[in-house]
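Here is the structure we will look at, set down as structure tokens.
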Amino acid sequence: MVKRLLLNDVFIIVIIAINAIIIFMQGFDPPTPLSTWLDNLDNFITVIFIFEALTKIRVYGFRGYLSSGWNTFDFVLVFLALPSLITWLFQLNLYTLEFLLIFRIMRVFKFFRFLRFIPNVAHLMDGVGRAIKSSILIVFGFFVFNFIVALISCFLFKDLAPEYFDDPIISFYSIFKVFTIEGWFEIPDDIAKVASPTVTFFTRMYFIIVLFFGGIFGLSLVNSIFVDTMVSDNNDELEAKILQLENKIDDLISITNTGKKK
């Protein structure tokens, strides 16, 4: 009975959903009795996931279990949740050992198991992987362009706006914000408060050019390549169907012409 439950995807989905609700409720800092009960239930669910992995390893064998990419994915996520279980078992005080707080956060990774139950998720992940491979060079070029503009901006505006361009790292982040069209106008407006009208004019022109080439043109190019590659297999399938239809039409025309000659 237990074995059948642990191998049943519906049961696992329900457990993951319950676990998500539990951690959601814990985010509201409930009173101590309820908080303790929720914490115990959360760790009990982690134990269920451990037994699920052990059951599958026993049924399929370790190599057979890891031969499935989704089983490997599940195993890694359960492994990331183990630190939270350990701190609970040994009653470690996370408030005196602040560096252990990260362990508690890792239990949230269990929710990623929902991904495997999304319809056609394997097809979707294949498309994402294909798009990432095709976009590596353009993303690298975009990164280099961001880096160059960040260095130029650092030397130009370091004294006028140190909060945005005090060093190359801060400048890189600020330029990336401009590229994403997120509050890009705030930076030149802040510079205008301490600069002369002439400097203000050229500063605004400078950021308009940066926004156009980095944000409007650059990011649009990256997005278009990524999306086009991701859905390319759908286009291939459509082209194959069109080619098949054309071949059938050619066959019908050929048969019709042959009949007319007779």
Side-chain angles (χ1 to χ4, degrees), residues 1-27 38-89 100-140 222-241:
M1 178 66 180
V2 174
K3 181 179 177 181
R4 287 200 300 269
L5 279 176
L6 294 177
L7 297 177
N8 188 298
D9 287 342
V10 176
F11 173 74
I12 296 301
I13 291 176
V14 171
I15 294 298
I16 295 173
I18 293 173
N19 200 191
I21 294 172
I22 290 170
I23 295 184
F24 176 79
M25 293 175 63
Q26 288 177 318
L38 292 174
D39 194 45
N40 293 339
L41 189 55
D42 173 49
N43 285 285
F44 176 72
I45 290 176
T46 301
V47 173
I48 292 177
F49 290 149
I50 293 173
F51 276 103
E52 177 208 2
L54 294 176
T55 301
K56 288 183 176 180
I57 291 173
R58 183 178 178 183
V59 172
Y60 305 119
F62 190 70
R63 289 186 178 181
Y65 174 75
L66 294 181
S67 63
S68 169
W70 286 114
N71 285 338
T72 304
F73 181 68
D74 290 345
F75 184 82
V76 172
L77 295 181
V78 172
F79 180 79
L80 291 175
L82 285 179
S84 177
L85 179 63
I86 293 173
T87 58
W88 174 71
L89 288 174
L100 292 176
L101 285 172
I102 189 65
F103 290 167
R104 191 172 181 83
I105 298 173
M106 287 184 178
R107 62 192 176 151
V108 180
F109 284 99
K110 291 180 290 184
F111 302 154
F112 281 103
R113 298 192 62 191
F114 269 122
L115 293 176
R116 69 174 299 177
F117 301 108
I118 298 175
N120 298 322
V121 67
H123 180 73
L124 177 64
M125 296 305 294
D126 288 340
V128 171
R130 186 172 55 253
I132 291 174
K133 291 179 181 178
S134 300
S135 306
I136 288 177
L137 290 179
I138 188 65
V139 170
F140 179 73
V222 173
N223 290 334
S224 62
I225 292 176
F226 187 91
V227 173
D228 184 64
T229 306
M230 185 174 176
V231 301
S232 62
D233 60 333
N234 295 331
N235 295 334
D236 293 340
E237 184 180 353
L238 180 61
E239 290 175 0
K241 290 182 178 179

Could you check whether any side-chain heavy atom of F49 comes within less than 4.5 Å of a side-chain heavy atom of I16, counting everything from C-beta outward? yes
Sidechain-backbone polar pair: [X] side chain, [Y] backbone, donor-acceptor under 3.5 Å:
X   : Y   : value
N71 : Y65 : yes
T55 : K3  : no
T72 : S68 : yes

What do you reckon, is CZ of F11 surrounded by more than 12 foreign heavy atoms closer than 6.0 Å? yes
Can you confirm whether F73 is buried at CZ, in the sense that more than 12 heavy atoms of other residues, nucleotides or ligands lie under 6.0 Å from that atom? yes
Ignoring hydrogens, what is the shortest heavy-atom contact between L6 and E52? Give both atom names and the distance. O-CG, 3.4 Å
Any idea which heavy atoms bring L38 and Q26 closest together, and the distance? C-NE2, 3.5 Å
Hey, can you tell me if F79 and F75 have their rings parallel, tilted or perpendicular (30° and 60° cut-offs)? parallel
To the nearest 0.5 Å, what is the distance between [atom1] on [X] and [atom2] on [Y]?
X   : Y   : atom1 : atom2 : result
I50 : N43 : CD1   : CG    : 9.5 Å
L66 : I57 : CG    : CD1   : 6.5 Å
F51 : L5  : CZ    : CG    : 14.0 Å
I23 : I18 : CD1   : CD1   : 12.5 Å
I21 : D42 : CD1   : CG    : 12.5 Å
L7  : I12 : CG    : CD1   : 8.5 Å

Partner set under side chain to side chain donor-acceptor pair (under 3.5 Å) for N8, not counting sequence neighbours: none
Tell me, with the steps shown, if N19 and L41 meet side-chain contact (heavy atoms from CB on, under 4.5 Å). CA-CA 8 Å; N19 200 191; L41 189 55; over 6 Å; no
